[in-house]
Amino acid sequence: QVQLVESGGGLVQAGVSLRLSCAASGRTFSSAGYGWYRQRPGKERESVAAIRRGGAYIYYADSVKGRFIMSRDNAKNTVYLQMNSLSPEDTAVYYCAADTDQYPGGRDYYWQGETYDYWGQGTQVTVSS
């Protein structure tokens with residue numbers, strides 16, 4: 001069993017940075033892959049970033065590439081999403097998700113919501129113009 005708890009969201013002005021954290025419980029942290037998703041107002045949930053279980057591969061949505069950085073700290077059982085140059089279009093609830101299946105998939109695999117076994121409760125990010 002894995003529990004995920006996101007934190008770091010808030011209300012900020014456009015152009016600033018935020019770092020989201022996702023603390024994971026359970027012994028499978030280092031062997032799991034993780035994803036960050038978001039759901040913007042009135043829109044479907046979308047993939048933002050994903051990191052494979054070894055950490056060597058990180059994938060980003062085109063809309064955040066060059067602005068967001070995903071990372072993991074196995075010693076702290078935490079994954080992060082550093083969000084820079086935020087814009088009002090980034091306003092959303094951000095969710096962290098974990099895949100414990102250890103399947104060696106690529107971007108397409110991690111881009112599917114069905115890949116993930118566990119989800120956090122989400123953290124709200126609101127960016128004002």
Side-chain angles (χ1 to χ4, degrees):
Q1 191 79 355
V2 175
Q3 289 187 324
L4 304 173
V5 179
E6 301 99 333
S7 61
L11 172 62
V12 297
Q13 289 190 327
V16 303
S17 299
L18 274 179
R19 188 177 77 161
L20 304 183
S21 299
C22 173
S25 64
R27 297 182 179 180
T28 59
F29 180 86
S30 61
S31 63
Y34 293 86
W36 283 101
Y37 280 73
R38 68 184 181 186
Q39 187 161 19
R40 293 185 279 182
K43 299 197 175 183
E44 294 186 356
R45 184 184 65 191
E46 60 181 348
S47 301
V48 174
I51 188 167
R52 288 178 63 175
R53 60 187 180 95
Y57 295 92
I58 305 173
Y59 310 103
Y60 296 98
D62 288 343
S63 58
V64 307
K65 196 173 296 182
R67 297 189 300 123
F68 290 12
I69 301 171
M70 184 176 184
S71 61
R72 62 189 298 162
D73 186 337
N74 289 343
K76 296 183 178 180
N77 282 12
T78 302
V79 293
Y80 301 98
L81 186 67
Q82 177 68 41
M83 306 187 296
N84 302 318
S85 302
L86 285 164
S87 73
E89 289 69 39
D90 296 315
T91 294
V93 179
Y94 284 74
Y95 299 91
C96 174
D99 165 42
T100 61
D101 289 344
Q102 301 186 28
Y103 177 79
R107 187 183 191 275
D108 290 345
Y109 173 76
Y110 283 102
W111 235 235
Q112 300 177 59
E114 294 76 15
T115 290
Y116 299 93
D117 312 294
Y118 302 96
W119 292 81
Q121 82 289 349
T123 185
Q124 176 71 48
V125 173
T126 303
V127 185
S128 63
S129 58

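Nothing fancy with the numbering, it's 1 onward along the sequence.
- Residue pairs satisfying the salt bridge (charged side-chain N to carboxylate O under 4.0 Å, His left out) criterion with at least one member in residues 42-51, sequence neighbours excluded, are listed as follows: R38-E46, R40-E46.
- The salt bridge (charged side-chain N to carboxylate O under 4.0 Å, His left out) contacts involving residues 91-109 comprise nothing, where partners must be two or more places apart or lie in separate chains.
- With hydrophobic clusters built from ILVMFWY side chains whose heavy atoms lie under 4.5 angstrom apart, V16 shares a cluster with V127.
- Judged as a side-chain hydrogen bond (donor to acceptor under 3.5 Å, both in side chains), and not counting sequence neighbours, the contacts of T126 are Q124.
- Residues meeting the ring-ring contact (aromatic ring centres under 6.0 Å, His included) test with Y57, sequence neighbours left out: none.
- Remark: S17 pairs with N84 by the side-chain hydrogen bond (donor to acceptor under 3.5 Å, both in side chains) rule, at least two apart or across chains.
- In this structure, CG on L86 lies 10.5 Å from OG on S128, to the nearest 0.5 angstrom.
- Cluster annotation: I69 is connected to V12 through the hydrophobic network of ILVMFWY side chains, with a link wherever side-chain heavy atoms come within less than 4.5 Å.
- Under the disulfide bond (SG atoms under 2.5 Å apart) criterion, the residue pairs touching residues 5-106 are C22-C96, with sequence neighbours excluded.
- In this structure, CD in E6 is found 11.0 Å from CG in L81, a value given to the nearest 0.5 Å.
- F68 and V79 end up in the same hydrophobic cluster when Ile, Leu, Val, Met, Phe, Trp and Tyr side chains are linked at under 4.5 Å.
- With rounding to the nearest 0.5 angstrom, the CG atom of N77 is 8.5 Å from the OG atom of S25.
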Report, one line per pair, each donor and acceptor closer than 3.5 Å where one atom sits in a side chain of residues 59-66; sequence neighbours left out.
residue: Y60; atom: OH; partner: M70; partner atom: N; Å: 2.9
residue: D62; atom: OD1; partner: K65; partner atom: NZ; Å: 3.3

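- Of all the heavy atoms in L18 and G8, the pair that sits closest is CD2-O, 3.7 Å.
- Shown here for Y116 and A50, the closest heavy-atom pair between the two residues is OH-CB, 3.7 Å.
- Y37 contributes a side-chain N or O that, together with a main-chain N or O of G113, makes up a donor-acceptor pair within less than 3.5 Å.
- Applying the 6.0 Å contact sphere to CD of Q112 captures more than 12 heavy atoms from other residues, nucleotides or ligands.
- A 4.5 Å side-chain heavy-atom check between V93 and T123 finds every atom pair outside the cut-off.
- Smallest separation of non-hydrogen atoms from V2 and A24: CG1-CB, 4.4 Å.
- Partners of W111 by ring-ring contact (aromatic ring centres under 6.0 Å, His included), not counting sequence neighbours: none found.
- For the ring-ring contact (aromatic ring centres under 6.0 Å, His included) test, residues two or more places apart in sequence or in another chain that qualify with F29 are Y34.
- Annotation for M83 and V125: closest pair CE-CG2, 3.9 Å, computed over non-hydrogen atoms.
- For residues 66-77, the set of pairs meeting the salt bridge (charged side-chain N to carboxylate O under 4.0 Å, His left out) definition, not counting sequence neighbours, comprises R67-D90.
- Annotation: salt bridge (charged side-chain N to carboxylate O under 4.0 Å, His left out) contacts involving residues 119-129, sequence neighbours excluded, are absent.
- In this structure a side-chain-to-backbone donor-acceptor pair under 3.5 Å is present from R52 to G105.
- Every residue was checked against the ring-ring contact (aromatic ring centres under 6.0 Å, His included) condition with Y80, not counting sequence neighbours, and none meets it.
- One finds the OH atom of Y103 at 10.0 Å from the OH atom of Y110 (value rounded to the nearest 0.5 Å).
- Atom OH of Y94 and atom CG of L20 lie 7.5 Å apart (nearest 0.5 Å).
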